[in-house]
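Step one of this worksheet: look at the structure below.
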Amino acid sequence: MPKLLTQKEALKAYRDMLLIRRFEERASQLYGMGLIAGFCHLYIGQEAVVVGIQSVLKSQDTVITAYRDHGHMLACDMDPKGVMAELTGRSGGYSKGKGGSMHMFSREKNFFGGHGIVGAQIPIGAGLAFAHKYKEDKGVCIASMGDGASNQGQVYESYNMAALWGLPVVYVIENNHYGMGTSVERSSAGPNYYGRGQGWGIPGEKVDGMRLMEVMAAAQRATDHARSGKGPYILEFDTYRYRGHSMSDPAKYRSKEEVEEVKIHRDPIDYFRTYMTETLKIKEAQIKVIDDEVKKTVLEAVEFSKTSPEPDPSELYTDILKEEAPLQ
Amino acid sequence: MTANQREDIPMTDSSLVTLTVREALRDGMAEEMIRDESVFLMGEEVAEYNGAYKVSQGLLDQFGAKRVVDTPITEHGFAGLGVGAAFGGLRPIVEFMTFNFSMQAIDQIINSAAKTLYMSGGQMGCPIVFRGPNGAASRVGAQHSHCYASWYAHCPGLKVISPYSAGDAKALLKAAIRDPNPVVFLENELLYGRSFDDVSQDPDYVLPIGKALIRREGKDVTLTAFSIMVGKALEAADRLAEEGIEAEVIDLRTLRPLDVETIVESVMKTNRIVSIEESWPFAGIGSEMAALMMEHAFDYLDAPVLRVTGADVPMPYAANLEHLALPQVESIVEAAKAVCYRS
């Protein structure tokens, strides 16, 4: 059994999960209003995964993921204003409006993207781990992918090198059961993604990604393993996305009943809320304070994302190359 | 072989020596690895085998397995790993056994290395060098003979270098390793064993990226080339001189950013230009050269820009067909005479 959380830890985790959910709900609204365009992949339903993992990370650790990245960024403590303003394509966004939903980064928070090519982030994550090992900074890289990306060849090229060289990387598979519109059953022969490192001796485990404390405990085991020099670790989280693959996906490949079933019986935030009130005896009033604070934070982010100006036209031709003089 | 016109070597440098391109590249990497702990070399056979083409000879012994890393045969994966290491604060040199295999990795080179600085609003940066032999070697057929100059030069966010002489190879590789951007460094297998007397031994000597070199001055026609084709252009210029045509030979050295100024200045003098490359004609470096001359030197041209390129076919294996598929001195002479209306 995972250890009990303190009230303070629980309130922070609840706040972080709720922030992601409320942020994404607002992003969905802004998309509907035409303020966000292009691809926008929402994280609603999967909140416990990133919040649980983030709770065990150390300051030098690095995080990289694919394009369903808003949750990861908020969990990394990136400013919701900067994330939302990037979604609206404004100069106050993390990438000055030049990256969009799928391409955001924060060197300050060790968040390395935000990558739009399915699976490409996985060898890059191994490279971040290579740098941790090379610099001997005791850091671990969390490299996340979905069940869809788990069938890309470069994932296995990365597993091989990470195992061969003992790289401190935790591969996180967020199995939300659908790679866009294709279910795991239709895409993967042998859907036990956690076991796919076996050939290289990489330990793996499958964890309920809707249960925050189980995520935390598994993340602790995995990062301890990687940090201690034993090499990579694979965590497969069984989770679910409530919305379509992206905003343009009506999700006709699954039934409404299937989605409702998860919402009612497995929702990570509802479950954790019950745990807080019943097991930790946290008062409703305390939770209400968090609810209000999150609402305010998100509304401020929305306001900022609307009022931050579009990038100056001169930004079209900046940031293509770093033009520092060669070091002499 | 003499690399003439070295006006860019400082007068204080009296230490020029003769080395092969292979040795010069090795020395360049070794000097930068001594200078900067974050520089490391990775690729297939770079360490214990001392390089498939022996370019990394001795580096494992000198720097150890932490900094000279043999990879599995997994170009897509190790190119991506290199990009991640660069994001993480290291300065990787990623060797492709040949650039033909970089096609396995081209997504990481372009989508991850080249575009991320822009997509991150200037936060990220990817100081990495992808290097290895490019273009035709000898009798290795279509899948091992491809020149990628125009492919990579097409992409904003990359720098693309393709040197000819040993001295340039060393000084430009050192510049590439120090550069904060992703650099594609296109070498040539047939040049590896060639010696040049222009190699600086000063570990602080680097060449600026983006500067062409006039290797032979002339007033009648400009010939532009890079890598092994510079040698062919110089040979062609010798022959043209016998017929009274003084060709100016420009070694482009860097393809992106291209030194348009030097080329235009030359064309303002010669009023004629022939672009030479071993890659295919369609959308190639020569096509770009023609467009640039229309934009920047139209009023100075006395003849249409001509391209000498590889044949528009996958590289054949048969000796006679391979010879026909590659630009030869004769075809350069012919093109130069054509733009001088002397054919």
Side-chain angles (χ1 to χ4, degrees), chain A residues 62 64 86 91 93-100 102-108 112-117 119-135 139 141 143 153-162 164-165 167 311 315 318-324 326-328, chain B residues 35-38 40 42 66-67 69 71-90 92 104-105 107-108 111-128 156-159 174-182 204 206 208-209 257:
Chain A
T62 48
I64 187 166
E86 189 61 38
S91 58
Y94 265 97
S95 299
K96 300 196 279 193
K98 293 155 81 166
M102 302 187 286
H103 314 116
M104 268 186 263
F105 309 82
S106 170
R107 279 230 175 252
E108 185 199 352
F112 286 82
H115 294 266
I117 305 297
Q121 77 279 12
I122 298 305
I124 299 175
L128 288 163
F130 183 95
H132 284 305
K133 187 173 184 199
Y134 192 99
K135 294 187 288 189
C141 176
Q154 57 184 318
V155 169
Y156 300 95
E157 298 188 26
S158 171
Y159 283 0
N160 182 42
M161 285 183 286
L164 196 62
W165 300 332
L167 302 182
E315 286 288 348
T318 62
D319 305 321
I320 298 159
L321 291 170
K322 280 204 172 181
E323 285 304 353
E324 294 162 18
L327 305 164
Q328 291 302 324
Chain B
R35 180 178 168 276
D36 183 348
E37 277 282 322
S38 68
F40 71 98
M42 68 187 303
K66 178 184 173 184
R67 299 182 68 195
V69 183
T71 66
I73 301 170
T74 180
E75 286 85 6
H76 197 179
F78 71 70
L81 194 147
V83 170
F87 287 163
L90 304 183
Q104 295 268 359
D107 172 66
Q108 290 289 0
N111 271 318
S112 303
K115 293 181 185 172
T116 300
L117 182 71
Y118 194 83
M119 294 193 300
S120 66
Q123 281 187 73
M124 293 292 292
C126 189
I128 189 169
L158 290 179
K159 294 185 179 183
K174 285 163 66 73
I177 294 166
R178 294 183 193 193
D179 198 276
N181 300 289
D204 291 328
V206 293
I209 296 171

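All chains are named by letter (A, B, ...) in the order of the sequence lines, taking the proteins before the strands, and each is independently numbered beginning at 1.
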Tell me if a side-chain donor or acceptor on A:Glu315 pairs with a main-chain N or O of A:Lys96 at a distance below 3.5 Å. no
Do you know which of A:Glu86, A:Lys133, A:Lys98 has the most heavy-atom pairs with chain B at a distance under 4.5 angstrom? A:Lys98
Nearest atoms (heavy-atom pairs only) where B:Lys159 meets B:Ile209: CD-CG2, 4.0 Å
Is B:Gln123 close to chain A through its backbone or its side chain, or both, or neither, when contacts mean heavy atoms under 4.5 Å? both
Heavy-atom pair count under 4.5 Å with chain B, highest-scoring of A:Met104, A:Arg107, A:His103: A:Arg107
Bottom line for A:Leu128: the part with an atom under 4.5 Å from chain B's heavy atoms is both
Distance under 6.0 Å and angle within 45° of the ring axis: does B:Lys66 meet both against A:Tyr134? yes
Counting only heavy atoms closer than 4.5 Å, note whether A:Ile64 contacts chain B via side chain, backbone, both or neither. neither
With a 4.5 angstrom heavy-atom cut-off, which part of B:Thr71 approaches chain A: side chain, backbone, both or neither? both
In terms of heavy-atom contacts, A:Pro123 and B:Gly77 come closest through CB-O, 3.5 Å
Tell me if a side-chain donor or acceptor on A:Lys135 pairs with a main-chain N or O of B:Gly89 at a distance below 3.5 Å. no
Under a 4.5 Å heavy-atom cutoff, which of A:Gly100, A:Gly116, A:Ser106 has the most pairs with chain B? A:Ser106
So, for B:Leu81 and A:Leu167, which heavy atoms are closest and what is the spacing to 0.1 Å? CD1-CD1, 4.1 Å
We want to know whether A:His115 and B:Ser112 form a side-chain donor-acceptor pair, criterion being a heavy-atom distance below 3.5 angstrom. no
Hey, which of B:Cys126, B:Gly122, B:Ala85, B:Ser120 has the most heavy atom pairs under 4.5 Å with chain A? B:Ser120
Atom group of B:Glu37 that falls short of 4.5 Å from chain A, counting heavy atoms: backbone
Report which part of B:Leu90 has an atom under 4.5 Å of a heavy atom belonging to chain A: side chain, backbone, both, or neither. side chain
